[in-house]
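First up is the structure itself, then whatever we jot down about it.
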Amino acid sequence: MQSILEFSLILSQEDRLAHGELPVVVIGGGVTGTGVVRDLALRGIPCVLIEQGDLATGTSGRNHGLLHSGARYAVRDAQSAAECLSENRILKEIAPRCIEDTGGVFIALKNDDKIYMDQWLSACENVGIPADELSPRELRREVPLLTSHIDRAWSVPDAAIDGFLLARANAISAEKAGARVKTYTRAVSFQIENRKVTGIHLRNLLNGREELLECAFVVNASGPWAGEVSKMAGQDLPILCDRGILVAFHYRFTNRVLNRLRPPADGDIFVPHGSVTIFGTSSKTVDDPGNTGVEQDEVIELLQAGEEMIPGLCNMRIIRAFAGVRPLMQSGGTGREATREFTIIDHGSTEGVANMISLIGGKLTTFRLMAQKSVDRVAVALQNDKPCLTDEDALPDPLPVGEPSEIVCECEQVTKKMLDRAIKGRENFLLSDARRLTRLGMGPCQGSFCTFRAAGYYDEKRNLPTPHKLIIDDINERWKGEKPVLWGWQARQTELMRRVYLGLLCMERLSREET
Amino acid sequence: MKGDTVIIGAGLSGLSAALSAVSSGCSVIVVSQGAGNFTSSSGYIEILGYFPTDGSSPLENPCEAISPLISENPLHPYAFLGVELIKEGVSCFTRVCEEMDLGYEGAIDRNILMPAASGALLPAAFVPRSSHKSILDCGELIVAGIVELMDFYPHLVSSNLSRAFGRDVKPLYVSLGLNTRRALSSFDIASTLEKGQTVAKLIKELKGNVNKGSALLMPAVLGKRSGAGLTCHIEQELECRVLEIPTLPPAMTGFRLGEALREYLLKIGVEFITGGSVVCASIDSRRCREIQVKSSGGRSLSVRGESFVLATGGILGGGLEVCANGIRETVFGLPASFEGKNPSHDFFCLCGHPLTSSGVKVNENLQPVREGEILIENLHVAGSTLYGYDPYLEKSGSGVAISTGYAAGLRGGKNG
C-alpha cells in the first residue's frame, strides 16, 4: 500500500539532504521518538533519530506492555481515556505484529468501592469504551487462579503490546522513508547560536567516535531524560521522574489482561506476554531517570498488593523483577494523581530556544498521537504542509519469524534464523539487542542455556574477537532482574547457572578485557 | 524397610557415603528423589582450585593450601576432615572407579589444568585416565565440533584456549551425517557413537583434517560408559592424541561417573529407593529412628536406620529451600545459615555469593549443631547442604562431596 508513496518520498528526501537541507533531530528512541521520526519521514521532512542505548531500552521497554482500552482512566481522566480508545483501535489496524489482541477484564472484588464501580460504568459509556459484563464463575473457569471473592466483572478491549517490536517497526518504517536512525549514540552537548540549536555534539558509545550533527530543529523525546537534555539547551523542564516496578511470573496463567476495578493503586494489573505473565505496578518519585534497580522488599510489597486478586501470589515463582521510570508533568500532582496526558513544551514560546520542543508525559498507548501533535508543530515551523499518514500507513513486521530452523531458546522458541535477522546490518551488538526483538532468554530459565548457545552461534557466524564477553555481559544483564526475586525455584535456577557458568565453564576466570 | 545406614540423596556425596558405610560392614539404603546431579559435572576430582578465591592464578598444589584455607575459614567442610581423611576418601573413591573401568590419574598435591567448553582452564587434581595426557607438546592443537551436536562451539573454545596457551588452536566442524530435525545433546551423540558405522564416519571426517602427532580436543561424547575405548580407537586410527572436553548438561563425563558408582553399589548389595521424597522423620532423644518416604504416586514407605546421612545437594538439589526471609533445610528442618542476602551485581564476582555458601552448620563429626549443641546424634551431613564453602569459585565441589561423604558414611558406621 505504501511502497510507491515511500519511494517518491525517499527521492525527495535524498534530494533535500543533497541540497544541504538540515535535518530535524529527534532525541530518544523509545516508541515516542521512533513514532516522531516516522511521522517526520513520511511527511518528507529530513530527520535523524539518536538514541543512547538500543531502541526501547528506556521506559518503552520497562512497562506492562499494555495497550489500554482507556477504561483505567475513564473516571479521572476522560480525555486521556478517549485518546487511548481511539489509538487502541488505530494501532490494532496498523501494527498487528506488535500486538496480541488478548482482550482485558476489569474485576471488582466484594470489598471494592461500589461508588467507583458505578462511576466507572458510566464513564466508560460516556467515553464509548465497550464494557460487557461477564459471569464471575465463567471467568474463574478461564483463570482458575483468581479469587472466589469476585463481585462483578466486565470485558474491555485491552491488549498486550510489545514496546521493543513497536519501536523497531517505527524505525524500519522511518528508515524506508529516508530517515537515519543511530542507536548507541548519545547527545553530549548542543551548539547554540542566536537562540537556536544549530548542532548537536554526538558520541557513539560503541566505538567512541564523536561528531557534530547540524540540525534545523530538535525534538526532545527522551522520556525521563528529557530534563537533562533540555538543560543542554539551558532550559528547565517541569518533569517528575516516577518509578514503577514490575515482575514476571514464570508462566502465562491468564490469556487476558486482568485489571482491578477500583481507584488506581499498586498491583492492579496482570498482562500475558509470550510464555510469562507481567504484574505491577507501583509509583515512587525518584531523582535519577536511570533508576531501574529493584529491591527485594519492594517486590514483596507489590506481591502483597496482588494477593487479593490472585491468592497465593506471594508463593508463585517469579523469574524477574524490573522497573521503569515514567516522565510525568510536574505540576500535575505526584504519583497516581499526576495526569497521564501528554504535554508538548515549546521552548521558543518563552525567552528560550526557538527551534526545540520537549515531550513530557503520555502513555505508550497514545504515542502515535503525541508524535503527530509534535510533528504538526515542527511542520509549521518548517513550513511543511504534508498530511500525517501514521494513522493509516501499516507498520512493517520488525522481525519475521519465518520458516522453521534450529531452536536456540527453548523457553521462547527462538530460532537461528530469527537470531540472524535480529542483528542484520549491525556491526557491534549485545545479546540484549537480539533479545528485545526475539524474546531470547525472557522465559523461565532467564538465559541459562540459550545465552551460551546464542553467543556461540553468533561467534561461529561473525568470528567475534571476544565472544565470551557477550556471554558474561548477558548473564549479568539477566542477573540484575533475578537478584530481587532470589527465592524458591528461581534461587535454584540461579544456582544451576552458577554451577554451569562458573563450576563447569570457569568463565569468571576469563579476561574481561577486549583484545 | 531397615538398614544400618540410611543415606538421603544419591549424588556424589551420597554415593561416596554409601561406599564408606559399606566398607565399614553396614547394610546401606540410599533414598533419593532423583538420580543425583551428575550431568552438570566435569567428572574430575577437584580438591581445591583457587585459594583465595580471588587469586589471580590457580593453585599448583591443592594439598599445601588446605591448612591455610582451614585457618582462614574454620567452618569450611575441609576443616572438619583434615588432609589425611580427604586423602582416604579420595583413595576409596578412585579404587572403586578403577574396578568399574573408570580409572583416575592424578595426585592430591598437583593440579592439572583441563580445557573447559568455554576455552577457559579448569584446575583438577584427579582426572579419568583417558583424559590424563599432555597436549602442549603435540604438533598442532585442534578443537573439533560436531555439526549435529548442540552447545559446543569450537571457535569459542579455540579463541580462549589460544590466548591461554599462547599458541594457535584450530577450530573445525565435522558431520556425522545424521539426518535429524533437531540439534542433538551430548547424550544423543554418545548413544549414536555406540554404532560402528557412525564411528567410522567420524573417523573418516576427521582424517582429512587432523595430521599425525596433533592433539585433538573433542566434546565429551565418545561413549556413554568410560570414554576410554573409543578415545583409544580414534587415537590409533588418526595417530594423534584425543582429549575430551566436558560439555554443558547432559555432560557425559559426569554421567559416566554416576553410572559407574551406582552399578558398583548395586553389585555390592546397596538398596536404592528412587523417586521418593522424605516427608517426615521420627526423632526421639536426639536420635532419628525412621523416615517416611513418599513416592510421586502417593505411596508411603517407612525406612528405619541406626544412622542417617543427609546428602541432599543444597539449594540446587532441593535440600535447602530459599524463602523470601531465610533458608530452610527441607528434610529435618535443621537450622540453616547464610551471610546476608545481598549478592554482588556481578554474577561472576570473585568474592562469592551468600546463597551458595549457605547451609547446615556441623561439628567435627559432621553432626548438625546449633551453637555447639548436637541436634541429631546419629545424623551426619555431607556435600552442598553443608555451610561454609563455595564449590564453584574454589573449584572444590567434587573434593568436598567425596571426602565429606566418605567421612559421613564412616562416622555413621561407627555410631550405628
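Just so it is clear, the model here is predicted, and its values are computed rather than measured. Just so we're on the same page: letters track the sequence lines, and every chain starts at 1. All values below come from the heavy atoms of this structure, side chains included, with hydrogens, waters and symmetry mates left out.
- Here the straight-line distance linking atom OH of Tyr50(B) with atom SG of Cys506(A) works out to 5.5 Å at 0.5 Å rounding.
- When atom types are taken as modelled, the side chain of Arg499(A) and the backbone of Ser40(B) share a donor-acceptor pair closer than 3.5 angstrom.
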### Message
Determine whether His155(B) and Lys461(A) satisfy the following criterion, side-chain contact (heavy atoms from CB on, under 4.5 Å), listing intermediate values before the conclusion.
### Response
CA-CA 10 Å; His155(B) 188 269; Lys461(A) 295 217 105 181; over 6 Å; no
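- A donor atom on one side chain and an acceptor atom on the other are not found under 3.5 Å apart for His345(B) and Asn476(A).
- Looking at Arg509(A), the atoms closer than 4.5 Å to chain B (heavy atoms on both sides) all sit in the side chain, from C-beta outward.
- The 12-atom threshold is exceeded at CG of Asn428(A), counting heavy atoms of other residues, nucleotides or ligands nearer than 6.0 Å.
- To the nearest 0.5 Å, atom CZ of residue Arg492(A) and atom CG of residue Leu316(B) are 6.5 Å apart.
- Both the backbone and the side chain of Ile315(B) come within contact range of chain A, with heavy atoms under 4.5 Å apart.
- Annotation: maximal heavy-atom pairing with chain A below 4.5 Å, among Leu393(B), Thr247(B), Ile245(B), occurs at Leu393(B).
- Taking OH of Tyr501(A) as the reference point, atom OG of Ser118(B) lies at 10.5 Å (rounded to 0.5 Å).
- If you measure heavy-atom distances from Ser344(B) to chain A, the contacts under 4.5 Å come from the backbone alone.
- Among all heavy-atom pairs drawn from Cys323(B) and Trp487(A), the shortest one is C-CB, 3.7 Å.
- With a 4.5 angstrom heavy-atom cutoff, Ile407(A) does not touch chain B via any of its atoms.
- For the pair Glu406(A) (side chain) and Ala183(B) (backbone), a donor-acceptor distance under 3.5 Å is absent.
- Ser41(B) touches chain A through backbone and side chain together, each having a heavy atom under 4.5 Å away.
- Between chain B and the options Leu496(A), Val485(A), Asp297(A), heavy-atom pairs under 4.5 Å are most frequent for Leu496(A).
- Residue Leu320(B) does not touch chain A at all, counting heavy-atom pairs closer than 4.5 Å.
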### Query
After noting the C-alpha distance and the side-chain angles of Arg498(A) and Asp390(B), does the key distance pass the side-chain contact (heavy atoms from CB on, under 4.5 Å) rule?
CA-CA 10 Å; Arg498(A) 287 201 87 224; Asp390(B) 185 332; 3.1 Å; yes
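- Atom-to-atom distance recorded for Leu510(A):CG and Phe348(B):CZ is 9.0 Å, nearest 0.5 angstrom.
- Residue Asn463(A) touches chain B through both its backbone and its side chain, counting heavy-atom pairs closer than 4.5 Å.
- Considering only heavy-atom pairs separated by less than 4.5 Å from chain A, the leading option among Gly318(B), Gly119(B), Gly397(B) is Gly318(B).
- The number of heavy atoms from other shown groups lying within 6.0 Å of CD (Glu427(A)) does not exceed 12.
- Between Glu508(A) and Lys395(B), at least one side-chain nitrogen of the basic residue sits less than 4.0 Å from a carboxylate oxygen of the acidic one, meeting the salt-bridge criterion.
- Only the side chain of Tyr173(B) comes within less than 4.5 Å of a heavy atom in chain A; its backbone stays farther off.
- Annotation: maximal heavy-atom pairing with chain A below 4.5 Å, among Asp346(B), Leu121(B), Val157(B), occurs at Asp346(B).
- Rounding to the nearest 0.5 angstrom, the gap separating the CG atom in Leu504(A) from the OH atom in Tyr44(B) is 9.0 Å.
- In this structure, the portion of Ile300(A) lying under 4.5 Å from any heavy atom of chain B is its side chain and not its backbone.
- Looking at Leu464(A) and Leu156(B), their side chains never come closer than 4.5 Å, going by heavy atoms from C-beta outward.
- In this structure, Thr494(A) and Phe347(B) approach most closely via the heavy-atom pair O-CZ, 4.0 Å.
- In this structure, the portions of Pro154(B) lying under 4.5 Å from any heavy atom of chain A include both its backbone and its side chain.
- A donor-acceptor pair is defined here as one N or O able to donate and one able to accept, closer than 3.5 Å; such a pair exists between the side chain of Tyr153(B) and the backbone of Arg453(A).
- In the displayed structure, Glu60(B) atom CD is contacted under 6.0 Å by at most 12 heavy atoms of other residues, nucleotides or ligands.
- Listed here is the closest heavy atom pair of Phe452(A) and Ala117(B): CZ-O, 3.6 Å.
- Of the two parts of Ser159(B), only the side chain, counted from C-beta on, holds a non-hydrogen atom closer than 4.5 Å to a non-hydrogen atom of chain A.
- For Asn37(B), the parts lying near chain A are the backbone and the side chain together; criterion is any non-hydrogen pair under 4.5 Å.
- Summarising the geometry, atom NE2 belonging to His353(B) is positioned 8.5 Å from atom CD belonging to Glu495(A); distances are rounded to the nearest 0.5 Å.
- For Asn160(B), the part lying under 4.5 angstrom from a heavy atom of chain A is the side chain only.
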